[in-house]
Amino acid sequence: MSNYHIKNLEEYFQVYRKSVRDPESFWEEIAEENFMWRKRWNNVLEYDLAKPEVSWYKGAKLNITENCIDRHIYTRGDKTAIIFEPNDPSEAAEHITFKELHERVCRFANVLLEQGIKKGDRVCIYLPMIPELAVSLLACARIGAIHSVVFAGFSATALATRINDSDCKMIITSDGSYRGNKTIDLKGIVDEALENCEGVKTVLVAKRINSEICMNPNRDKWLQPLLDEAYHDCVAVVMDAEDPLFILYTSGSTGKPKGMVHTTAGYMVYTAYTFKNVFQYRENDVYWCTADIGWITGHSYIVYGPLANGATTLMFEGVPSYPDFGRFWQVVEKHKVNQFYTAPTAIRALAKERLDFSENYDLSSLKVLGSVGEPINEEAWHWYDENIGKRKCPIVDTWWQTETGGIMISPIPYSTPTIPTYATLPLPGIQPALLDENGEELKGNLVSGRLCIKYPWPGMARTIWGNHERYRETYFSTFENKYFTGDGALRDSTGYYRITGRVDDVIIVSGHNLGTAPIEDAINEHPAVAESAIVGFPHYVKGNALYGFVILKEVGESRLHENLRKEINQIITEHIGPIAKLDKIQFTTGLPKTRSGKIMRRILRKIAERDTANLGDITTLLNPEVVQEIIEGAV
Ligand code: WTA
């Protein structure tokens, strides 16, 4: 039996027990047998969760791209590493073999070097889902530059904040992007962002939509001519196990976004291991994750995890609704996809449409279906199981976070029996705990509490860029010596976990984490707004939608309110991006507050959910009278 590839439930339990009994030898064996190291580690794990300081495979030397590319050239050089499926189905798909990927990454890495990028420099990547995106991540990793990918749906302001937070020297973008039947002027957004980013000296521009764009001759360079001239081979820089590999921003419930830092060796081992087991990838399978590489799911399960296993990974540029709602299934048929990984919000959007959109395609290649990003509701689970998996594909409901680097709790297909809405069991090496509000661990089954992890795992983020104290405070101060996830969960009578949702002020909308504070800050920038509060309310497709309660400086006339609503959403779009727009905006003269001045979001949430029968005790509020006004004015 190999610990690296679990094949049945009995093996899972054996491997799990071993991983808890002796985590170090467990992770040592996996690292030893499945990766290419330039130098072996001195110590598998050193940690102190109070600080917190964690290092895996200390002393080891490696380059992740040698593991994702070079070593496969000898055994599977002509195998397709990346399939690129464009937005427009009439445009040909591209198949990039491991040999070709090697050459493209090396050329790109040489371009970075020629432009003065060196080990440790931060490079911001703001690209659509085109091959250059995956190649640019790997090119950074090749030379030890730290990539910071910003999802290409974020606004110029959000982009600038992220560029400045990590002092990026360069940004890689494109002349635009396709999204369904629309084009988006990415370079224009970059130009606007860079008005406030003095540290960026170079902008590399990939050509995608052939639009006329302004190039600043001192700063902007077309990528392709540089690639054409660059040498086709590039020696990989030897990295320390704990050298940062990338920064990826995630929203916090307060303040500015958190630049989560992932390091090299542990992240590589963990994403590769979890990819292999959660998707049960076999040598000639075609694997497709529909996420954008701008999110952690894309980093770990489009790029690093699959490529470290020599897998064929599909990158899709388009959207599920273009040219029609059959697009995902047409791609599955066309490329004979075996593992398909998507988000509940996409499943719900498709489940609303006619069934023939999926019935028209041959989905018989599918073996495993995955879900990630938010709890999957029972109805969506069954729709996915019946119409896509035809009841023969296990559904892996994978729970994890940007901070965890890889999947933490998930069924292992063909091993763990699945139950709708349950992420089921922890993967080997993961030790979850449920805690009550006093920090007591709830032992046994049939309990629910705050989800923590009580032992380090290789894929965990090591810090927040430039703010280790915030890292400690956010994740390691709520409960002593435990990583606190911010999620609530229950453990059922058989030990299965079900994630019940966030217990902080993060709201997940269409699978994207949004902190309430940054949205409120944006709204409060509007000159007419005095104060605001955002809560989530259930939405059939998005999971949650945003409801804003806004106090205006002057009450104003109601006919102006429609305009104000538009302006408020406009401000949010400018500060964050269209994903954070509010579905409902209610103007009110006050917000329910405690005597210490804290907004009682619980009450606002109930009102937004239209569940006003059980508001609980409101007499302790500073201003209980405002509650009735808000109930009556609900939109
Ligand atoms: C939520 C995405 C329930 C959760 C990989 C978590 C989930 C947050 C699931 C992290 C799931 C993710 N079931 N909830 N299977 N997967 N979540 O950082 O609240 O974008 O804390 O990482 O998404 O979102 P993030």
Side-chain angles (χ1 to χ4, degrees), residues 248-258 260 295-297 343-345 348 371-377 380 397-405 407-410 421-423 432-437 439 442 447-453 460-461 464 470-471 473-479 482-491 497-521 533-549 576 579-580 582-583 598-609 611:
L248 185 60
Y249 286 87
T250 186
S251 327
S253 44
T254 56
K256 58 178 187 171
K258 298 172 288 191
M260 303 312 306
W295 309 112
I296 191 69
T297 308
T345 184
R348 289 190 298 261
S371 168
V372 60
E374 57 181 311
I376 176 165
N377 52 307
D397 178 357
T398 63
W399 173 82
W400 58 295
Q401 310 179 294
T402 305
E403 295 85 337
T404 70
I407 298 169
M408 303 287 279
I409 304 183
S410 165
T421 77
Y422 281 80
L434 297 178
L435 276 79
D436 70 13
E437 278 163 30
L442 302 159
V447 287
S448 73
R450 284 147 202 251
L451 178 62
C452 294
I453 311 292
M460 66 193 286
I464 291 175
R470 187 175 179 199
Y471 178 67
E473 204 201 306
T474 311
Y475 303 106
F476 295 89
S477 71
T478 319
F479 303 109
K482 288 180 186 68
Y483 166 77
F484 175 44
T485 64
D487 282 319
L490 64 81
R491 191 160 55 226
Y497 288 86
R498 176 187 191 178
I499 312 303
T500 47
R502 301 291 308 186
V503 295
D504 55 9
D505 288 331
V506 170
I507 305 172
I508 304 195
V509 178
S510 300
H512 305 315
N513 291 6
L514 298 170
T516 50
I519 303 176
E520 289 160 6
D521 291 347
I534 304 296
V535 296
F537 70 100
H539 182 282
Y540 179 75
V541 172
K542 301 181 187 181
N544 295 294
L546 300 176
Y547 193 123
F549 297 89
I576 302 164
I579 49 178
L582 310 183
D583 271 39
K598 225 179 137 211
I599 299 171
M600 286 283 274
R601 287 171 198 277
R602 182 179 55 80
I603 293 175
L604 296 176
R605 230 174 270 137
K606 290 261 183 198
I607 297 174
E609 287 168 12
D611 173 21

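Each residue takes its place number in the sequence, starting with 1.
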_Applying ring-ring contact (aromatic ring centres under 6.0 Å, His included), can you list everything that pairs with W400, at least two apart in sequence or on another chain?_
Y301
*Taking the side chain as C-beta and beyond, is there a heavy-atom pair between L451 and P432 under 4.5 Å?*
yes
_Test item: E520 side-chain N/O and I534 main-chain N/O as donor-acceptor pair under 3.5 Å_ = yes
*Taking R450 for its side chain and L435 for its backbone only, find out whether a donor-acceptor pair lies under 3.5 Å.*
no
*Closest contact, heavy atoms only, T421 versus D397*: C-OD2, 3.9 Å
*Sub-4.5 Å side-chain heavy-atom contact between N544 and L546*: no
*OH/Y547 to CZ/R605 distance, rounded to the nearest 0.5 angstrom?*
14.0 Å
*Please answer whether the main-chain N or O of E403 pairs with a side-chain N or O of Y475 as donor and acceptor at a distance below 3.5 Å.*
no
*Residues which pass side-chain hydrogen bond (donor to acceptor under 3.5 Å, both in side chains) with D504, listed by chain and number, not counting sequence neighbours*: R502
*Report the distance from atom CD1 of I607 to atom CZ of R602, rounding to the nearest 0.5 Å.*
10.5 Å
_Which heavy atom of L514 sits nearest to which heavy atom of I519, and what is that distance?_
CB-CD1, 4.1 Å
*For the rings on F476 and F484, is their centre-to-centre separation under 6.0 Å?*
no
*When you measure from the side chain of T404 to the backbone N and O of Q401, does any donor-acceptor pair fall under 3.5 Å?*
yes
_Measuring only between side-chain heavy atoms, which start at C-beta, is S251 closer than 4.5 Å to P257?_
no
*Does the side chain of M460 come within less than 4.5 Å of M260's, by heavy atoms?*
no
*What closest approach, in Å, do G543 and R348 show between heavy atoms, and which atom pair accounts for it?*
N-NH2, 3.0 Å
*asked:* Can you tell whether the side chains of E374 and K542 come within less than 4.0 Å, N to carboxylate O?
replied: no
_Salt bridge or not between K258 and E473? Use side-chain N to carboxylate O under 4.0 Å._
no
*asked:* Please determine whether side-chain contact (heavy atoms from CB on, under 4.5 Å) holds for the pair H539 and V541, giving the CA-CA distance in whole Å, both sets of side-chain angles, and the decisive distance to 0.1 Å.
replied: CA-CA 6 Å; H539 182 282; V541 172; 3.9 Å; yes
*asked:* Would the distance check show the side chain of T398 and the main-chain N or O of I407 forming a donor-acceptor pair, the cut-off being under 3.5 Å?
replied: no
*Any chance you could measure T345, atom OG1, to Y540, atom OH, to the nearest 0.5 Å?*
10.5 Å
*Determine whether V535 and T516 make a side-chain contact, defined as any pair of heavy atoms from C-beta on separated by less than 4.5 Å.*
no
*Please confirm whether the backbone N or O of I508 pairs with a side-chain atom of N513, one donor and one acceptor, at under 3.5 Å?*
no
_Side-chain heavy atoms of F537 within contact of D583, under 4.5 Å_ = yes
*Y422 versus L490: any side-chain heavy-atom pair under 4.5 Å?*
yes
_Main-chain N/O of L442 paired with R491 side-chain donor or acceptor, under 3.5 Å_ = yes
*Just how far is it from atom OH of Y471 to atom CD1 of I464, taken to the nearest 0.5 Å?*
8.0 Å
*For atom NZ of K482, decide whether the heavy atoms of other residues, nucleotides or ligands shown that lie under 6.0 angstrom number more than 12.*
yes
*Could you state the interatomic distance from CG (L434) to OH (Y497), rounded to the nearest 0.5 Å?*
5.0 Å
*Mind listing the closest non-hydrogen atom pair of G536 and A608 along with its distance?*
O-CB, 4.5 Å
*Separation between CG of L582 and CZ of F549, rounded to the nearest 0.5 Å*: 11.0 Å
*Hey, does T485 have a side-chain heavy atom less than 4.5 Å from the side chain of W399?*
yes
